[in-house]
Each structure stands twice: as C-alpha cells, then as structure tokens.
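Everything on this sheet refers to the single structure shown next.
Here, residue 1 is the first one in the sequence, and each next residue gets the next number. All values below come from the heavy atoms of this structure, side chains included, with hydrogens, waters and symmetry mates left out.
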Amino acid sequence: MNRITLTLSIMALFLALAAGCRQDVDKDSHMAKQGPSTDELRLQGDKTIYGLACEGCNDSIVLLLPNDGSDPIRYNVLEASRRGRVLGNPKVGDWIGLVRNAQDTTKADMVIDLDELKGIWCYIVLPKLKDSETLSKGEQRRILNAMPDSVKEAYFIPREYGFWMRRQWACQSVGYVRNQSALEEESPVVYPPLGYFTAWHIWNGKLVITRATPKFTKNNTIDLVNPVNDTCTIEYLKGDSLVLSSDGSSRSYYRKENLEDVNKKARAIAEQQAKKALIERTAGE
C-alpha cells in the first residue's frame, strides 16, 4: 500500500468514526436543537459532561463526542463498571452524561445513558381507608372485615403513579385517574396525592426531579408555585427497570411504553362506577 492510499484509508476511517458518533441520534436530540441547548439548561454547579456515545463503547471504555462538536474523548470506565456505575447500556448515538474522575481525567466515575433514562416510569400505589391516620390498626381491620367483597373489589384497586421524563429536561406526572367528586365522597378509600412534576435534570450524577403546586387562575391557566427539587441517587438502570433512592429509602420503577396503558384497569373501573352512579341517580328521579 503506497503512502497516498494509506492516507486516504486513515481519512476514511476517521470520517466513518465521526459519522458513527453522529448517526442514530433520536428524534428528541434533533428537536432539541430548536430550543435551548443542554448546557444552557443545566443546573448551577453541575459538572456532568454531556455528549453522544460513539462506536467503541464497552465495559471498560466509553468514547464520548462532546456537545460542542469537538473530537471524541476516550474514558476508562472499568472501575465504574465494576461498581455498577455505568447506568444503562450506551449505544452508538445515545445521549449520555459522564462524571469525570477528579484525580485522573482519563477515567469516569459514572456514566448514565440519558436516552435510556428518558421515558415513562411507574410504580404501584395502594389506597388506604379514609381517616386511616386517626384509626388504630385494630379498627381498620374491623372495618375491612365488615366490608363486602364487592366493595373491596370496586374500590381497592392498585394504581400506577410515576413520571414521564422527556427531551430538554421536561417532565410530567402520570397516573391521574379522573373521578367525579360525588364518587370520591362515597368512596371508603383515598389514594396518596399525585405529585405535579415539571422538570428533571442531572446534577453531578444524581437525578433531580422538580415538582410544584399547580394553582388555577381566573383566566383558566395554571401557575406553578412552591417548586421543590427532589434529589435522588440512581441505584440501577437497565432496560425496563429503574431504582432510585433518597433519604435512606429506595423505590423500584418499571417502564411503560405508552401513556394509554398507565392505569388502564383503574380508569376502566372508574368509568364503570361513574356509569353506575348515573343510572342510580336517574332511577331515583
């Protein structure tokens, strides 16, 4: 092989690598270019390095193409992999976040596949008897024992709560089931309040989810007041499983592919109850 041919081969290899880093970027990444960049929306004090995973990522190496479009950077992640700190399975074109080692800048202490982290995550919520805080456990057992099975089947329905982490750090709550106010008053149970989530971020390897209190205005708009940032450690992320911990407790989440599938059973039962209540009211008139 002569020198010219060798030079052309090297150039072709470099171009293929660069293309591999930029291809397969999902729709969210393309749309994000229309708005503020990731760096513009990052939390103050966040030193996470963001970019795209390139060809060559494995259990010991991550090749990251920075957001500024500069050359890919190679990081050693062998120790992070051993400690379970490579969260997700970075693939070519995935948006990732990397926490660099403070002593050795060629190593990463943590890698998060942010494209894998995005999505709809849910957990199961069970209802409680109304005023259960004022009832002893014995009183609660007596009420439940005296309750007909048909009532238990109608009202003690597990629900799915969770959040949908979307592009450009947007987040929304999932799990709302609409009930008529009259049915809520008749119900012997209550569900925990559903948080109103508005945003998510990464802050030095931790997940920060912002929730607020919605306040309806006279113009039928919603103002968000009293925003609170909940900071969680990502203990596990792989495929359809996510584990977050905060304040000494952990919670497991599972992925839902479609919003319509969230609380499908609970929504169907709520609709049945609403129809039944309407028939009973009509018959009594």
Side-chain angles (χ1 to χ4, degrees), residues 25-29 31-32 38 41-43 46 48 50 52-53 80 84-91 93-99 110-127 157-178 191-214 224 227-268 270:
V25 180
D26 66 7
K27 183 178 179 181
D28 282 351
S29 299
M31 294 179 67
T38 299
L41 295 173
R42 75 164 63 212
L43 293 179
D46 177 31
T48 306
Y50 299 97
L52 302 181
R85 294 291 82 196
V86 176
L87 301 161
N89 183 28
K91 299 171 290 297
D94 278 4
W95 178 41
I96 62 176
L98 182 146
V99 178
M110 177 184 293
V111 180
I112 307 171
D113 190 326
L114 299 173
D115 273 340
E116 197 168 333
L117 181 61
K118 286 188 299 184
I120 303 169
W121 296 100
C122 292
Y123 64 97
I124 296 296
V125 173
L126 298 175
I157 306 300
R159 290 186 181 179
E160 295 175 312
Y161 278 13
F163 43 81
W164 182 11
M165 292 188 286
R166 306 169 67 180
R167 67 181 182 88
Q168 285 191 281
W169 308 119
C171 187
Q172 72 181 64
S173 306
V174 298
Y176 178 71
V177 177
R178 183 176 182 180
Y191 288 86
L194 179 64
Y196 196 92
F197 301 110
T198 61
W200 69 284
H201 287 87
I202 296 297
W203 186 80
N204 297 326
K206 293 183 180 292
L207 174 63
V208 178
I209 299 182
T210 304
R211 55 185 171 88
T213 302
L224 300 177
V228 176
N229 287 333
D230 294 327
T231 303
C232 306
T233 298
I234 306 173
E235 302 290 355
Y236 183 85
L237 171 64
K238 190 73 69 175
D240 293 337
S241 299
L242 171 67
V243 179
L244 303 177
S245 66
S246 178
D247 299 327
S249 62
S250 298
R251 174 174 286 159
S252 297
Y253 298 81
Y254 53 90
R255 189 188 300 275
K256 302 287 284 193
E257 296 296 337
N258 195 318
L259 276 180
E260 294 301 318
D261 292 335
V262 178
N263 281 329
K264 193 171 184 178
K265 179 180 178 181
R267 286 187 283 108

Under 3.5 Å, is there a donor-acceptor pair between the side chain of [X] and the main chain of [Y]?
| X | Y | answer |
| --- | --- | --- |
| Thr48 | Asn204 | yes |
| Thr231 | Val208 | no |
| Trp203 | Arg42 | no |
| Thr210 | Thr198 | no |
| Asp115 | Trp95 | yes |
| Glu116 | Leu237 | no |
| Arg85 | Glu235 | yes |

If you compare all heavy atoms of [X] against all heavy atoms of [Y], which two are closest, and at what distance to 0.1 Å?
| X | Y | result |
| --- | --- | --- |
| Pro214 | Leu224 | CA-CD2, 4.1 Å |
| Gly175 | Asn263 | O-ND2, 2.8 Å |
| Pro90 | Val111 | CG-CG1, 4.3 Å |
| Val243 | Ser252 | CG2-OG, 3.8 Å |
| Leu52 | Gly93 | CD2-O, 3.8 Å |
| Trp121 | Arg255 | CZ2-NH2, 3.1 Å |

Over 12 foreign heavy atoms within 6.0 Å of NZ, Lys91 | yes

Enclosure of Asn258 CG (heavy-atom neighbours >12, cutoff 6.0 Å): yes

With sequence neighbours left out, the residues meeting side-chain contact (heavy atoms from CB on, under 4.5 Å) with Ser246 are Cys232

Sorted by chain and number, sequence neighbours left out, side-chain contact (heavy atoms from CB on, under 4.5 Å) with Ile120 holds for Cys122, Trp164, Val174, Lys256, Leu259, Val262

Rounded distance [0.5 Å steps], [atom1] in [X] versus [atom2] in [Y]:
| X | Y | atom1 | atom2 | value |
| --- | --- | --- | --- | --- |
| Asp230 | Asp247 | CG | CG | 8.5 Å |
| Leu207 | Asn229 | CG | CG | 10.5 Å |
| Ile124 | Arg251 | CD1 | CZ | 11.0 Å |

Just wondering, do [Y] and [X] contact through their side chains at under 4.5 Å, heavy atoms?
| X | Y | answer |
| --- | --- | --- |
| Arg211 | Tyr196 | no |
| Trp200 | Ile202 | yes |
| Tyr123 | Glu160 | no |

*Is Arg159 positioned over the aromatic face of Tyr191, cation under 6.0 angstrom from the ring centre and no more than 45 degrees off axis?*
yes

Give the C-alpha distance, both sets of side-chain angles, the deciding distance and a yes or no for side-chain contact (heavy atoms from CB on, under 4.5 Å) between Leu117 and Leu242. CA-CA 8 Å; Leu117 181 61; Leu242 171 67; 4.0 Å; yes

Checklist line | Whether Phe163 and Tyr253 hold their rings parallel, tilted or perpendicular, with breakpoints at 30° and 60° | finding: tilted

Practice task
For the pair Leu244 and Ile234, evaluate side-chain contact (heavy atoms from CB on, under 4.5 Å) and give the outcome as yes or no after the intermediate values.
Solution key: CA-CA 5 Å; Leu244 303 177; Ile234 306 173; 4.0 Å; yes

